[in-house]
Amino acid sequence: MRRHLVTGGAGFIGSHLCEALVEAGDEVVCVDDLSSGSEANVAHLRASGRFELIIDDACQVLGDVVGPFDTVAHLACPASPADYLAHPLETLAVGSKGTEAALRLAQARGARFVLASTSEVYGEPLVHPQTEAYWGNVNPVGLRSVYDEAKRFSEALTAAYRRTVGTDTGIVRIFNTYGPRLRPGDGRVVSNFIVQALAGEPLTVYGDGSQTRSLCYVDDLVQGLLAMIRSHTPGPVNLGNPAEFTVKDIASLVVELAASSSPISYQPLPEDDPTRRRPDISKARDVLGWAPTVAPEEGLRRTIKWFAKDRCVASAC
Ligand code: UDP
């Protein structure tokens with residue numbers, strides 16, 4: 001049986017990864033301080049007898065975790081702009097101290113280390129679509145830098161561990177991902193729009209809505225993560241769905257799929273909000289044999305269904 005440590009394993013993507021590893025028959029230790037994750041995301045995994053949740057800060061606790069590991073997957077980090085802008089110092093800490101603690105643990109146990117990096121390392125991209133060879137265009141002192149630079153530092157530290165002490169490392173750059181277990185209030189585009197559409201409230205489009213994002217369904221993303229965990233490739237490798245939409249089109253699609261009559265309400269564009277984003281996934285296809293399979297319309301339909309059911313349960317209907 002393989003044993004994995006997942007930091008941030010009670011979060012949105014982390015909980016789906018833990019679930020996939022447990023379903024594959026493996027054992028998982030999840031470290032999460034529940035700052036943006038939730039115990040409810042992983043409670044069902046306990047029945048397997050192969051899942052343990054340690055509620056603590058990855059920066060503090062990793063030195064004390066016992067036993068062998070085949071993998072250390074470092075996902076802990078606020079990922080919604082609203083969350084990391086509200087917790088700038090914690091975001092920088094988990095990207096620096098947390099990444100170092102996770103790398104040390106992996107090195108000490110002879111485990112593969114997988115870093116969940118981000119398309120935000122490309123900042124406001126001057127190359128489109130973004131390939132891994134592109135170095136990015138990040139404002140190092142802007143509001144978003146607490147996330148972007150923390151992840152860029154995480155990548156640099158990961159590459160340095162590989163070069164200097166030979167840790168088996170892998171970096172994935174995750175593009176916008178959506179699906180069940182997105183926190184309704186986390187502020188990201190898909191969760192905001194779905195919650196607003198289901199409530200019949202106006203959809204808050206920031207700016208004129210012409211900025212683009214490419215949306216990947218969480219099950220697809222997890223398959224990419226599993227492929228990275230099971231390989232020895234260093235990356236970085238982009239993981240995302242190249243299906244690119246303007247934010248305004250995402251709003252229209254959600255309204256249509258939710259059979260909603262919500263109007264659009266235009267709001268100010270946040271500082272340094274990237275104008276466009278789309279992954280080139282040639283490398284993921286070549287080195288991991290991975291590509292997404294769920295069309296955005298289908299993924300959004302499933303996600304809307306999950307939100308509708310969740311809201312229904314919440315109101316005991
Ligand atoms: N956005 C929006 N309305 C919202 C939330 C987000 O128009 O209620 C826009 C945001 O300005 C950005 C895009 O949707 O251009 C994606 O935002 P998100 O916060 O999901 O993640 P990002 O890709 O910016 O990290």
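Here, residue 1 is the first one in the sequence, and each next residue gets the next number.
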I13 and I174: CA distance, side-chain angles, deciding distance, side chain to side chain contact (heavy atoms under 4.5 Å, CB included) verdict: CA-CA 10 Å; I13 295 178; I174 299 174; 4.1 Å; yes

Side chain to side chain contact (heavy atoms under 4.5 Å, CB included) assessment of R112 paired with I229: CA-CA 7 Å; R112 173 151 169 85; I229 284 171; 5.7 Å; no

Side chain to side chain contact (heavy atoms under 4.5 Å, CB included) between V237 and W290, intermediate numbers included: CA-CA 11 Å; V237 177; W290 175 86; over 6 Å; no

E39 and L53: CA distance, side-chain angles, deciding distance, side chain to side chain contact (heavy atoms under 4.5 Å, CB included) verdict: CA-CA 8 Å; E39 213 166 341; L53 170 63; 3.5 Å; yes

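A salt bridge is absent between E100 and K97; no separation between the charged side-chain nitrogens and carboxylate oxygens falls under 4.0 Å. Ion pairing of R144 with E124 is absent here, as no side-chain N (NZ or NE/NH1/NH2) approaches a carboxylate O to less than 4.0 Å. Residues E155 and R152 are not paired through a salt bridge, judged by the lack of any N-O separation under 4.0 Å between the basic side chain and the carboxylate. Here E298 pairs with R302 in a salt bridge; the nearest charged N to carboxylate O distance falls below 4.0 Å. Of the charged side-chain nitrogens involved, none lies within less than 4.0 Å of a carboxylate oxygen, so that R276 and E244 do not count as a salt-bridged pair. The existence of a salt bridge linking D273 and R213 is confirmed by a sub-4.0 Å separation between a basic side-chain nitrogen and an acidic carboxylate oxygen. With respect to R3 and E27, a salt bridge is recorded, a charged nitrogen being found less than 4.0 Å from a carboxylate O. The residues K248 and D208 are annotated as not salt-bridged, no charged nitrogen and carboxylate oxygen being separated by less than 4.0 angstrom. A salt bridge links E120 and R277; the closest N-O separation between the charged side-chain nitrogens and carboxylate oxygens is under 4.0 Å.
D32 places no side-chain N or O within donor-acceptor distance of the main-chain N or O of D56, the cut-off being under 3.5 Å. In this structure, D148 contributes its side chain and V121 its backbone to no donor-acceptor pair below 3.5 Å. With E132 contributing its side chain and N238 its backbone, the two residues share a donor-acceptor pair below 3.5 Å. A donor-acceptor pair is defined here as one N or O able to donate and one able to accept, closer than 3.5 Å; no such pair exists between the side chain of T71 and the backbone of A73. At distances below 3.5 Å, not a single donor-acceptor pair connects side-chain atoms of D280 with backbone N or O atoms of P129. At distances below 3.5 Å, at least one donor-acceptor pair connects side-chain atoms of T7 with backbone N or O atoms of L75. Checked by atom type and distance alone, the side chain of H16 pairs as donor or acceptor with a backbone atom of P180 at under 3.5 Å. Listed for the S260 side chain is no donor-acceptor partner under 3.5 Å among the backbone atoms of V255.
Taking CZ from R109 and CZ from R104, the interatomic distance works out to 13.0 Å, rounded to the nearest 0.5 Å. From L45, atom CG reaches atom SG of C30 across 8.5 Å, with rounding to the nearest 0.5 Å. Of the inter-residue distances, the one linking D33 atom CG with D57 atom CG reads 5.5 Å to the nearest 0.5 angstrom. Expressed to the nearest 0.5 Å, how far CD1 of I304 lies from CD1 of I194 amounts to 5.0 Å. Atom SG of residue C18 and atom NE2 of residue H44 lie 9.0 Å apart, to the nearest 0.5 angstrom. Between the CG atom in L300 and the CZ atom in F193 there is a gap of 11.0 Å [rounded to 0.5 Å].
Using modelled atom types, one finds no donor on one side chain facing an acceptor on the other under 3.5 Å when comparing R173 with S117. T99 and H74 share a donor-acceptor pair across their side chains, judged by distance under 3.5 Å alone. Judged purely by distance below 3.5 Å, without hydrogens or angles, the side chains of H4 and D70 never pair a donor atom with an acceptor atom. For the residue pair N176 and S119, no side-chain donor N or O sits within less than 3.5 Å of a side-chain acceptor on the partner. T204 and Q196 share a donor-acceptor pair across their side chains, judged by distance under 3.5 Å alone. Judged purely by distance below 3.5 Å, without hydrogens or angles, the side chains of T169 and T167 never pair a donor atom with an acceptor atom. Inspection of the S191 and D186 side chains reveals an N or O donor paired with an N or O acceptor under 3.5 Å. In the model, D249 has a side-chain atom that pairs as donor or acceptor with a side-chain atom of T246 under 3.5 Å.
Between G95 and S154 the shortest heavy-atom distance is O-OG, 2.8 Å. Residues T177 and F12 approach most closely at O-CE2, 3.5 Å, considering heavy atoms. Residue Y206 comes nearest to P268 through the heavy atom pair CB-O, 3.7 Å, listed as atom of the first residue, atom of the second, then distance. Of all heavy-atom pairs spanning V254 and A197, the tightest one is CG1-CB, 3.9 Å. Considering every non-hydrogen atom in both G224 and L288, the closest pair reads O-CD1, 4.1 Å. Considering every non-hydrogen atom in both G240 and P279, the closest pair reads C-CG, 3.9 Å.
Between K283 and T131, the closest side-chain pair of non-hydrogen atoms is not below 4.5 Å. V218 has its side chain out of reach of Y178: every pair of non-hydrogen atoms, C-beta onward, lies at least 4.5 Å apart. By the 4.5 Å heavy-atom criterion applied to side chains, W306 and L182 are not counted as neighbours. Side-chain contact between R162 and P234: present, with at least one pair of heavy atoms (C-beta onward) separated by less than 4.5 Å. Inter-residue side-chain proximity for P292 and P242 is flagged as met; some heavy-atom pair is nearer than 4.5 Å. Proximity of T303 to Y217: side-chain heavy atoms (C-beta onward) are separated by under 4.5 Å at one or more points. Between N241 and S214, every side-chain heavy-atom pair lies at or beyond the 4.5 Å cut-off. Side-chain contact between I250 and V205 is absent, with no heavy atoms from C-beta onward closer than 4.5 Å.
By the rule that hydrophobic residues join a cluster once side-chain heavy atoms approach within less than 4.5 Å of another member, I281 and Y134 end up as members of separate clusters. When hydrophobic clusters are built by joining Ile, Leu, Val, Met, Phe, Trp and Tyr residues whose side-chain heavy atoms come closer than 4.5 Å, directly or via intermediates, L203 is grouped together with Y266. Under a hydrophobic-cluster definition in which Ile, Leu, Val, Met, Phe, Trp and Tyr are linked whenever side-chain heavy atoms come within less than 4.5 Å, directly or via other members, L253 and V294 are assigned to the same cluster. With hydrophobic clusters built from ILVMFWY side chains whose heavy atoms lie under 4.5 angstrom apart, L221 shares a cluster with V190. Criterion: ILVMFWY side-chain heavy atoms under 4.5 Å apart, direct or through other members. Under it, I55 and V28 are part of a common hydrophobic cluster.
Cluster partners of F153, by chain and number: L5, V29, V31, I54, V61, L62, V65, F69, V72, L103, L105, F113, L115, L157, Y161, V165, I171. The rule joins Ile, Leu, Val, Met, Phe, Trp and Tyr whenever side-chain heavy atoms lie under 4.5 Å apart. Through direct or relayed side-chain contacts under 4.5 Å between Ile, Leu, Val, Met, Phe, Trp and Tyr, L143 connects to Y84, L85, L92, V146, Y147.
The aromatic rings of F175 and Y122 are tilted relative to each other, their planes meeting at an angle between 30° and 60°.
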